Each structure stands twice: as C-alpha cells, then as structure tokens.
Amino acid sequence: MTLLAGRAGLEADPTFGSGGTEPYAAALRDESAVLYLRNTAAQAPAAAPMDAGRWSAGADATDLDVLTGAAGPVLDIGCGPGRMVRAAMDLGLSALGVDVSPTAVRIATEAGLTVLNSSVFAPMPLEGGWGTALLLDGNIGIGGDAGALLARCAELLAADGALVVEVSQDPDRDHAFEGTLEDAQGRSSGVFPWAEIGIVPLRARAEEAGLRVDQDWIRDGRWFARLVRR
C-alpha cells in the first residue's frame with residue numbers, strides 16, 4: 001500500500017504508516033489485520049477502516065481484471081508485498097514494484113519478486129519506457145498531491161503506455177489532509193500527508209499532467225480509471 005515519499009523534491013517527507021509503532025509493517029505479517037486511516041484535523045470524520053490483509057493476499061478477480069489487456073513492462077507504484085507484481089508475472093508480463101516500506105520490500109523479495117525500496121520520485125529504471133503503471137489501493141493519495149504524482153507517472157510511461165488508478169467511490173471526492181494509520185490495538189504511525197480523489201477531479205488533474213481518462217469502470221465496489229497520453 002505504501003509508496004513514496006510524496007511530492008518531487010520532498011522525498012524526506014513522512015510516508016504512509018511510517019514512524020510511531022509502524023502498524024503498517026506489523027499488519028503486513030497478519031492477513032487478518034484491519035488498519036484505520038485517521039484524519040488528524042479537528043472535527044474530522046471517524047477513521048476509515050482498511051482491509052490490510054488484502055494487500056498481503058494473492059491477487060483476486062478484481063485485481064486481475066485491472067491487468068486485462070495490460071502491456072509490459074508493468075510498474076506497480078506502492079507495491080506493498082507485491083501481489084500485483086506476482087499477478088503480472090503470472091500473466092507473462094515483466095514487472096517491477098517500488099515501495100518505501102522496508103518490511104514490504106523484504107516480504108516481496110523473499111517471495112522472489114523484483115521490488116525496489118525507493119521513492120517513485122527518485123530516478124527509476126526505464127524512465128519513459130513503462131507499458132503499464134499501477135496506482136492501486138488508494139496510492140493516488142500518497143504525498144497529498146495527486147497532481148504531482150500523476151505528472152511523475154506521465155514521465156515514466158512509454159508514449160503508448162497506460163496508467164491505471166484506483167479512485168474514491170465518491171466521484172467528487174477531492175480532499176488532502178494530514179493522516180495517521182492506526183491498528184485495532186491502538187498503535188499509531190507518525191503523521192503523513194494523504195489525499196483522496198474521485199473520478200471527476202481526477203479527470204482535471206490528468207489533463208494538467210498531460211494525460212486523459214480513456215476508460216473508467218467499477219467492479220466489486222472498487223472504481224478504476226485508465227489514463228493515457230493526451
């Protein structure tokens with residue numbers, strides 16, 4: 001689930017679930033774990049639950065649907081333990097994951113997957129040559145600046161490449177905030193920048209990044225968009 005250090009030039013920013021007691025790292029070792037994303041602002045809504053176990057499980061039918069027609073090589077940004085890297089490889093595609101969580105990267109590499117412990121804003125292999133890039137599980141929100149992340153993804157894609165983004169179920173959602181990650185035992189991460197974005201604002205941010213939404217669809221309660229160059 002975690003990804004990168006945030007906006008370009010801000011690689012030292014706190015990242016998803018880091019610091020504190022690292023509840024994210026602990027959850028990766030427990031497929032029954034549930035985490036809660038909490039907005040630290042006063043008067044914020046109740047913390048939203050996140051099914052952490054799904055990140056460590058194998059790819060399900062909805063995940064596999066994301067890869068239908070995908071071209072390689074595939075870059076999974078914020079790959080976590082690597083379920084989408086494995087899924088892409090099982091389909092015969094070359095794939096690489098990138099994640100800032102040492103625990104996630106260790107789990108993935110021990111499983112034989114190729115994963116970098118790095119920020120996507122750092123120099124990457126195949127700059128401008130990726131056939132498909134993935135921003136799933138809410139990773140469009142990392143760093144609290146979806147526009148900056150989309151612009152970076154546009155730099156990474158091949159001329160005919162595609163970016164698949166999972167967006168909020170609320171089509172008009174466009175909210176950046178400071179958050180913490182908590183587990184059922186009350187352990188909390190450090191504060192990190194985060195954002196949530198729906199399909200409507202995504203279209204505008206994509207245009208600013210030189211991309212456009214070519215297709216969007218809903219499956220099993222999850223909403224996805226496929227972005228290509230304008």
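All values derive from a computational prediction rather than experimental measurement. For reference, positions follow the sequence shown, starting with 1.
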- Message: Any non-hydrogen side-chain atom of Val165 less than 4.5 Å from a side-chain atom of Cys153?
- Response: no

- Ala88 and Ala95 have their tightest heavy-atom pair at CB-CB, 3.8 Å

- Item | Any Val74 side-chain heavy atom under 4.5 Å of Leu91 side chain | no

- Item | For Ser188 against Pro23, the heavy-atom pair lying closest together | C-CD, 4.0 Å

- Task: Side-chain contact test, heavy atoms from C-beta onward, threshold under 4.5 Å: evaluate it for Phe224 versus Leu136 and give yes or no.
- Result: yes

- May I ask you to decide if Met124's main-chain N or O and Glu127's side chain share a donor-acceptor pair within less than 3.5 Å? yes

- Message: For a side-chain contact (heavy atoms from CB on, under 4.5 Å) check, start with the C-alpha distance between Thr114 and Val85, then their side-chain angles and the critical distance, and finish with the verdict.
- Response: CA-CA 8 Å; Thr114 304; Val85 176; 5.9 Å; no

- Message: Please give me the minimum heavy-atom distance between Pro201 and Asp174, naming the atom from each residue.
- Response: CB-OD2, 3.6 Å

- Item | Passing candidate, salt bridge (Lys or Arg N to Asp or Glu O under 4.0 Å) with Arg83, options Asp63, Asp76, Asp99 | Asp63

- Message: Hydrophobic clusters here meaning ILVMFWY residues chained together by side-chain heavy-atom distances under 4.5 Å, can you tell me if Trp217 and Leu67 are in one?
- Response: yes

- Task: Could you label the plane-to-plane angle of the Tyr24 and Phe16 rings as parallel, tilted or perpendicular, counting under 30° as parallel and over 60° as perpendicular?
- Result: perpendicular

- Message: Test of understanding: clusters of I, L, V, M, F, W, Y form through side-chain heavy atoms closer than 4.5 Å, transitively. Do Ile142 and Phe192 belong to the same one?
- Response: yes

- Query: Taking Thr68 for the side chain and Asp65 for the main chain, is one N or O donor matched with an acceptor at less than 3.5 Å?
  - Reply: yes

- Residues Glu182, Arg187; criterion side-chain contact (heavy atoms from CB on, under 4.5 Å); working and verdict: CA-CA 5 Å; Glu182 302 174 0; Arg187 294 173 294 196; over 6 Å; no

- Looking only at heavy atoms, the pair that brings Pro81 and Trp55 closest together is CD-O, 3.7 Å

- Task: Can you measure from OG1 (Thr62) to CD1 (Ile218) and round to the nearest 0.5 angstrom?
- Result: 12.0 Å

- Query: CG/Asp137 to CD1/Ile77 distance, rounded to the nearest 0.5 angstrom?
  - Reply: 12.5 Å

- Note on the structure: d(Leu64 CG, Met84 CE) to nearest 0.5 Å is 7.0 Å

- Query: If only atom types and distance count, is the side chain of Ser94 paired as donor or acceptor with the main-chain N or O of Gly72 below 3.5 Å?
  - Reply: no

- Query: After noting the C-alpha distance and the side-chain angles of Leu126 and Leu96, does the key distance pass the side-chain contact (heavy atoms from CB on, under 4.5 Å) rule?
  - Reply: CA-CA 11 Å; Leu126 294 179; Leu96 173 73; over 6 Å; no

- Query: Taking atom CD of Gln169 as the centre, does the number of heavy atoms from other residues, nucleotides or ligands within less than 6.0 Å exceed 12?
  - Reply: no

- Item | Hphob cluster co-occupancy, Val167 + Leu135, side-chain heavy atoms under 4.5 angstrom | yes

- Return yes if some donor-acceptor pair links the side-chain N/O of Arg152 with the main-chain N/O of Ala148 below 3.5 Å, else return no. no

- Message: Nearest 0.5 angstrom please: Arg203 CZ to Leu227 CG, how far?
- Response: 9.0 Å

- Message: Tell me which one of Thr132, Asp214, Asp216 satisfies side-chain hydrogen bond (donor to acceptor under 3.5 Å, both in side chains) with Arg226.
- Response: Asp214

- Under 3.5 Å, is there a donor-acceptor pair between the side chain of Ser189 and the main chain of Leu181? yes

- Could you pull out the closest heavy-atom pair between Leu93 and Ala71, with the gap in Å? CD2-C, 4.3 Å

- With distance as the sole test, does Arg86 use its side chain to make a donor-acceptor pair with the main-chain N or O of Ala111 at under 3.5 Å? yes

- Item | Audit row: Thr103, Arg29, side-chain contact (heavy atoms from CB on, under 4.5 Å) steps and yes/no | CA-CA 9 Å; Thr103 300; Arg29 303 183 183 94; 3.7 Å; yes

- Query: Transitively linked via ILVMFWY side-chain contacts under 4.5 Å: Leu113 with Trp130?
  - Reply: no

- Message: Using a 3.5 Å distance criterion without hydrogens, assess whether the side chain of Arg229 forms a donor-acceptor pair with backbone atoms of Leu157.
- Response: yes

- Shortest non-hydrogen contact between Tyr36 and Ala47, atoms and distance: CB-CB, 3.9 Å

- Residues forming a salt bridge (charged side-chain N to carboxylate O under 4.0 Å, His left out) with Asp170, sequence neighbours excluded: none

- Task: Would you mind reporting whether Leu149 and Val120 have side-chain heavy atoms less than 4.5 Å apart?
- Result: yes

- Task: Spell out, as yes or no, whether a donor-acceptor pair under 3.5 Å connects the side chain of Asn117 to the backbone of Val100.
- Result: yes

- Keeping the roles fixed (side chain from Glu166, backbone from Asn139), state whether a donor-acceptor pair exists under 3.5 Å. no

- Message: Strictly below 4.0 Å, N to O, side chains only: are Arg54 and Asp60 in salt-bridge contact?
- Response: no

- When clusters are formed by joining ILVMFWY residues with side-chain heavy atoms under 4.5 Å apart, either directly or through shared neighbours, do Val98 and Val115 land in the same one? no

- Task: Give the ring-plane orientation class for Phe177 versus His175, where under 30° counts as parallel, over 60° as perpendicular and anything between as tilted.
- Result: parallel

